[in-house]
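Contents: one structure, followed by commentary.
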Amino acid sequence: MAIDPERLLNWPFEDLEHTYTEKDTILYALGVGAGSDPLDGKQLRFVYEENLRALPTMAVVLGYPGFWLKNPETGVDWTKVLHGEQGLQVFRPLPAAGTVIGRSRVTDLIDKGAGKGAILYIERDIIDKATGELLCKVTGSSFLRGDGGFGGKSGPTPKPHPVPERAPDLTVALPTLPQAALIYRLSGDYNPLHADPEVAASAGFRAPILHGLCTYGVVGRALVDAIGDGDPDSMRRMDVRFTSPVYPGETVVTEIWRGEGGGVSFRARVRERDVVVINNGYAEFV
């Protein structure tokens with residue numbers, strides 16, 4: 001069954017109510033590596049219930065509609081879907097616990113042509129149920145490798161944020177745990193690719209890989225620490241392109257270039273293999 005672009009563009013998402021507790025907030029933070037130094041007060045604020053704070057990147061797991069592209073009615077070959085980009089806008093800091101409404105919608109669909117795939121863009125509002133306030137907007141794109149040539153529009157697509165060619169102003173190296181993916185999946189993404197060695201091997205990987213959104217959270221921690229002095233409320237935006245997977249246990253090195261007006265450019269690479277895993281990054285802080 002081929003893609004029906006109008007059906008995808010008007011996919012009937014229902015509002016998703018999501019209640020999360022302090023335990024969920026701590027579990028997310030542990031999944032992205034916070035608490036690796038239990039004597040570091042900047043890390044402890046994310047993993048200890050006393051004066052607990054939520055990492056801003058936790059918004060990506062709230063109100064999540066699940067892997068809806070696996071629904072046969074989409075017409076998408078879900079086995080060939082890749083996570084391309086991820087973005088976050090923060091309007092109000094996430095509470096350490098609460099109930100939010102996730103309101104998702106498809107915003108665009110680009111046909112790259114037969115044999116070249118398609119790009120689907122989606123965004124999700126994270127709304128505080130108690131107040132009705134918009135807390136965050138989560139954006140992203142998926143590369144539908146097996147679904148090009150359906151006759152849809154061919155562009156334009158947003159140009160990636162350019163990363164400076166000079167040496168970075170600062171770098172932050174954060175190790176990941178060998179069991180990082182097994183912890184992170186408890187925040188809601190149970191794809192066996194991140195847990196089952198046989199599934200990973202069938203997909204061409206030597207071992208289960210880290211969730212892209214876990215890598216996103218690790219890099220977000222690096223940015224909050226280096227640019228926001230550990231204050232999670234300082235982040236206002238974080239946009240990335242995923243370029244390669246991380247294996248649990250590897251060290252993620254975030255390279256950061258300071259810009260103007262609170263904006264920074266960044267990318268991240270795995271130290272052990274010298275592979276860029278996140279590129280064209282842009283973030284804003286106050």
Side-chain angles (χ1 to χ4, degrees), residues 14-67 86 88 90-104 124-138 140 174-196 208-225 228 230-235 238 246 248-249 252:
E14 295 184 359
D15 285 0
L16 198 157
E17 183 174 312
H18 186 162
T19 297
Y20 63 99
T21 67
E22 288 88 351
K23 182 177 179 180
D24 298 314
T25 298
I26 292 170
L27 185 61
Y28 172 82
L30 291 171
V32 299
S36 58
D37 181 354
L39 299 181
D40 181 352
K42 289 182 181 179
Q43 294 188 49
L44 197 60
R45 68 181 65 178
F46 303 120
V47 294
Y48 176 45
E49 64 274 12
E50 190 71 23
N51 300 316
L52 181 66
R53 309 286 294 279
L55 284 163
T57 54
M58 190 177 73
V60 302
V61 304
L62 300 179
Y64 174 56
F67 191 25
Q86 185 65 46
L88 171 66
V90 181
F91 305 107
R92 295 187 180 277
L94 287 175
T99 299
V100 297
I101 303 297
R103 184 167 294 158
S104 300
R124 180 169 82 254
D125 291 337
I126 307 298
I127 301 164
D128 189 316
K129 183 184 179 184
T131 65
E133 292 179 306
L134 178 61
L135 300 175
C136 306
K137 185 184 295 291
V138 178
L174 294 178
T176 63
L177 292 170
Q179 64 268 40
L182 299 176
I183 299 172
Y184 184 85
R185 69 194 304 268
L186 300 178
S187 288
D189 186 344
Y190 293 97
N191 187 333
L193 178 64
H194 308 293
D196 190 324
I209 59 174
L210 201 60
H211 306 68
L213 288 181
C214 184
T215 304
Y216 181 83
V218 172
V219 173
R221 279 186 53 226
L223 293 170
V224 167
D225 187 55
D231 180 4
D233 298 349
S234 64
M235 180 181 280
M238 181 180 170
V246 174
V252 177

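Just the heavy atoms: all of them, side chains too, but no hydrogens, waters or symmetry mates, feed the values below.
The CD1 atom of I26 lies 11.5 Å from the CG atom of L55; values are rounded to the nearest 0.5 Å. Between atom OG1 of residue T215 and atom CG of residue L210 there is a gap of 4.0 Å, rounded to the nearest 0.5 Å. In this structure, the separation between CG on D40 and NZ on K42 is 7.0 Å, given to the nearest 0.5 Å.
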V138 vs Q86, side-chain contact (heavy atoms from CB on, under 4.5 Å): CA-CA, chis, key distance, verdict: CA-CA 8 Å; V138 178; Q86 185 65 46; 3.1 Å; yes
Mind running side-chain contact (heavy atoms from CB on, under 4.5 Å) on V47 and L44 for me, showing each step along the way? CA-CA 5 Å; V47 294; L44 197 60; 4.2 Å; yes
side-chain contact (heavy atoms from CB on, under 4.5 Å) between L135 and L62: does it pass, once the steps are laid out? CA-CA 11 Å; L135 300 175; L62 300 179; over 6 Å; no
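Not a single donor-acceptor pair under 3.5 Å links the side chain of D125 to the backbone N or O of I127. For the pair T99 (side chain) and H18 (backbone), a donor-acceptor distance under 3.5 Å is absent. The closest donor-acceptor contact from the side chain of T25 to the backbone of A54 lies at 3.5 Å or more, if one exists at all. Although no hydrogens or angles enter the test, the distance criterion places no donor-acceptor pair under 3.5 Å between the side chain of R92 and the main chain of D128. Side chain of Y216 to backbone of M238: a donor-acceptor contact under 3.5 angstrom is found. A donor-acceptor pair under 3.5 Å is absent between the side-chain atoms of D225 and the main chain of A222, judged by distance alone. R185 places no side-chain N or O within 3.5 Å of a backbone atom of H194 that could act as its donor or acceptor partner.
Side-chain contact check for L213 versus V61: every heavy-atom pair is 4.5 Å or farther apart. With a 4.5 Å cut-off on side-chain heavy atoms, T57 and V32 do not count as touching.
Taking every heavy atom of both residues into account, P248 and P178 meet most closely at CB-O, 3.2 Å. Between P56 and V90 the shortest heavy-atom distance is CB-CG2, 4.3 Å. Nearest heavy-atom pair, R124 versus V60, reported as atom, atom and distance to 0.1 Å: NH2-O, 2.9 Å. In terms of heavy atoms, Y20 sits closest to M58 at CE1-CE, 3.7 Å. Of all the heavy atoms in P65 and L16, the pair that sits closest is CA-CD1, 3.9 Å. Here the closest non-hydrogen pair linking R221 and S36 is NH2-OG, 4.5 Å.
Using cut-offs of 30° and 60° for the angle between ring planes, the Y184 and H211 rings count as tilted.
The existence of a salt bridge linking R53 and D231 is confirmed by a sub-4.0 Å separation between a basic side-chain nitrogen and an acidic carboxylate oxygen.
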